[in-house]
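Inspection log for the structure reproduced underneath, given as structure tokens.
So that the names make sense, note that chain A is the first sequence line, chain B the second, and so on, each numbered from 1.
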Amino acid sequence: MKIAIVWLRNNLRIHDNPIFNIIEEIGDFDHVIPICIVNKEKLEKTYTHNRIRFLYQSILDLKTTFKSKYNVNLLSFSGSVIEIFSLLISSLKSDSIEIYCDYCTRPETISENLEIKDLIHDMNDVNFTIVDAVNTILNIEEVISSDYYSNPKSMKDMQHIFEKTFGKYLDFFNVPKPLTPVINIPQINMSVKNLLDEKLFEFLMSDIILKGEIKKFSTTVDYFPGGETEALSRLRQKITENPDYVNNFSKPSTYSTNENQNPLEPSTTGLSPYLSNGCLSPRLLWQECVNANKKGEHTKPPVSLIGQLMFREMFYLLSRSVDNWDSDIGNSNCKYIEWDEYNEEKITLWEEGKTGFPLIDAMMRQLEVTGWMHHLGRHAVSCFLTRGQLWQNWKYGREVFDRKLIDSDWAVNNGNWLWLAGVAPFSMPYYRIYNPCPSAGTSLNVETKEAKFIRHWVPELRNFPSKYIFEPHLAPEQIQNDSGCIIGKDYPFPMVDRKISRKENLAKFKESLNRQK
DNA sequence: GGATCCGTTGTAGCT
DNA sequence: AAGCTACAACGGATC
């Protein structure tokens, strides 16, 4: 009997999943077993409830879809990857096993790949194939080893790479279309119990409690529910049915709230967690954007949605071609800056949203409760933590984001922190510092109109007049009294003098740069 | 080879 | 409301 194991790692979906098309093309498998592996203990130690909740919801949704669409059982395991594969291979009653999984640039997954290769090294009847371009549009390995590749630093560089890969840029690149879904996934009519031995079957029990597990990690605010079903429905609502929205999309003028200033729905697509967990194919999203673009005038990279997808590809390329991508040491994309020593008090105030800067605090509290934050909010809080106000190393902020964000993505998260801290060779002049207390008319002005976003996430300031909402400590005593919020008692004073720290940090950044010359 | 331009999204104050 | 200017001024690419 010939068996294929499809290990779904960062591709928790059925649509446009090339692995199943490869299997269909080969055509002689008797039985295909899709599996997910989580390390529950490690997961719960490393990540916050929202990330875990999103992942579990996505796995459960996929399980349901496999069953209803293909009558196939998705098996989910808890344990280390090597432990699960050892058990699976030794337990399966099969003459030939082909293991497939999706390519990923994250070092952890690369070492997992090596462990598996090592494990099956002496087994003649087991093969392991890593399929590239499952969760990216570009084939990362192919592009970075091509002769035209050098580390991209701008959208222009990315346009060049896309042009070399897909042909000339006219209005949009000729990127591959999403694949047609497979008709059938072969499974022999036998229970898992017959296929695998008793010992392994015990492992599957985690499957059964999965549903209960989700409840444990869900809060009253499930900002984005996990899963492919939700991803496709959001794609349809936000993109496919809204060509005008796509064609007018311009990243710098998007906000944390939608047009009704609903604090729980951004004006952006909200598709990021579905991309990062592989619930949504980037090729499908690209295609839907191009379809809208074909209908008329439209924004272009870097500000367009296509541009956003291209930045994602850029970070994936860099995460593979730049050594120590996630480190401030030995990373050619990270300038050396003499940050202060780790300051627990400062970082805790920042993380918990108690800085005394309402905009920063609102963003950080939204992150804590929902596991998501608008991209420009990420700009504001990361600038605040690093070169703007607190002068802390970007990697501490990166860690907080990684732990909490439901759309956390190793390549993208590190790329954005490098960018925003001003240490990467991207266009980010260090003297462009975000004001944590923006007045109307600046890039973050939106959170400002009526300031509903801030009032929602910093309820202490619910009744504060808009005039003082960004710097409530400047409000006269009478106003603080009337608003039922005394600064220093009900809401903190600002943890730093923003003007002084801005000026000092600007000088320190320049000094660090000069010292390297 | 020095000047100039430009880079995904700055801010404040003025008209 | 939108556009201008000053602020302070990086660094690589291009002219």
May I ask you to evaluate whether R432(A) reaches the phosphate of dT9(B), defined as a side-chain N or O under 4.0 Å from OP1 or OP2?
yes
For the base of dT8(B) and the side-chain ring of F311(A), does the geometry meet a stacking cutoff of under 5.5 Å between centres and under 30° between planes?
yes
Flag the pair Y434(A) / H379(A) as yes when their ring centroid distance falls below 6.0 Å, and as no otherwise.
yes
On the 0 to 90° scale, with breaks at 30° and 60°, tag the F401(A)-W350(A) ring pair as parallel, tilted or perpendicular.
parallel
Between P on dA9(C) and OH on Y430(A), what's the gap in Å once rounded to a whole number?
5 Å
Atom-pair distance (NZ on K251(A); P on dG10(B)), nearest Å
14 Å
Pairwise P distance for dA8(C) and dC6(B), with rounding to whole Å:
23 Å
Verify the ring-centre separation between Y468(A) and F464(A): is it less than 6.0 angstrom?
no
Side chain of H375(A): nearest nucleotide among dG11(C), dT8(B), dA12(B)?
dT8(B)
Output the single nucleotide from dG7(B), dC10(C), dA12(B) whose closest atom is nearest the side chain of K510(A).
dC10(C)
What interatomic distance, in whole Å, is found between C1' of dA13(C) and the corresponding atom of dG1(B)?
14 Å
Atom CE of M310(A) to atom C1' of dG7(B): distance rounded to whole Å?
15 Å
For the pair W286(A) and F162(A), name the ring-plane relationship: parallel under 30°, tilted 30 to 60°, perpendicular over 60°.
parallel
Plane angle bin for F509(A) and W339(A) - parallel if under 30°, tilted between 30 and 60°, otherwise perpendicular:
perpendicular
Y434(A) has its side chain closest, among dT11(B), dT8(B), dA9(C), to dT11(B)
Rounded distance (Å) that lies between atom P of dA12(B) and atom CD1 of I433(A)
12 Å
Atom-pair distance (NZ on K153(A); C1' on dG11(C)), nearest Å
10 Å
Partner nucleotide, any strand, of dG3(C) [Watson-Crick/G-U, under 3.5 Å]
dC14(B)
Partner lookup for dG12(C), please. Criteria are Watson-Crick or G-U wobble with both distances under 3.5 angstrom; report none if nothing qualifies.
dC5(B)
How far does the C1' atom of dA3(B) sit from the matching atom of dA9(C), given to the nearest Å?
15 Å
Could you check how far CG of L420(A) sits from C1' of dT8(B), rounded to whole Å?
11 Å
Please report the distance, rounded to the nearest Å, between CE in M155(A) and C1' in dG12(C).
18 Å
Grab the CZ-P distance between F426(A) and dG12(C) for me, whole Å please.
13 Å
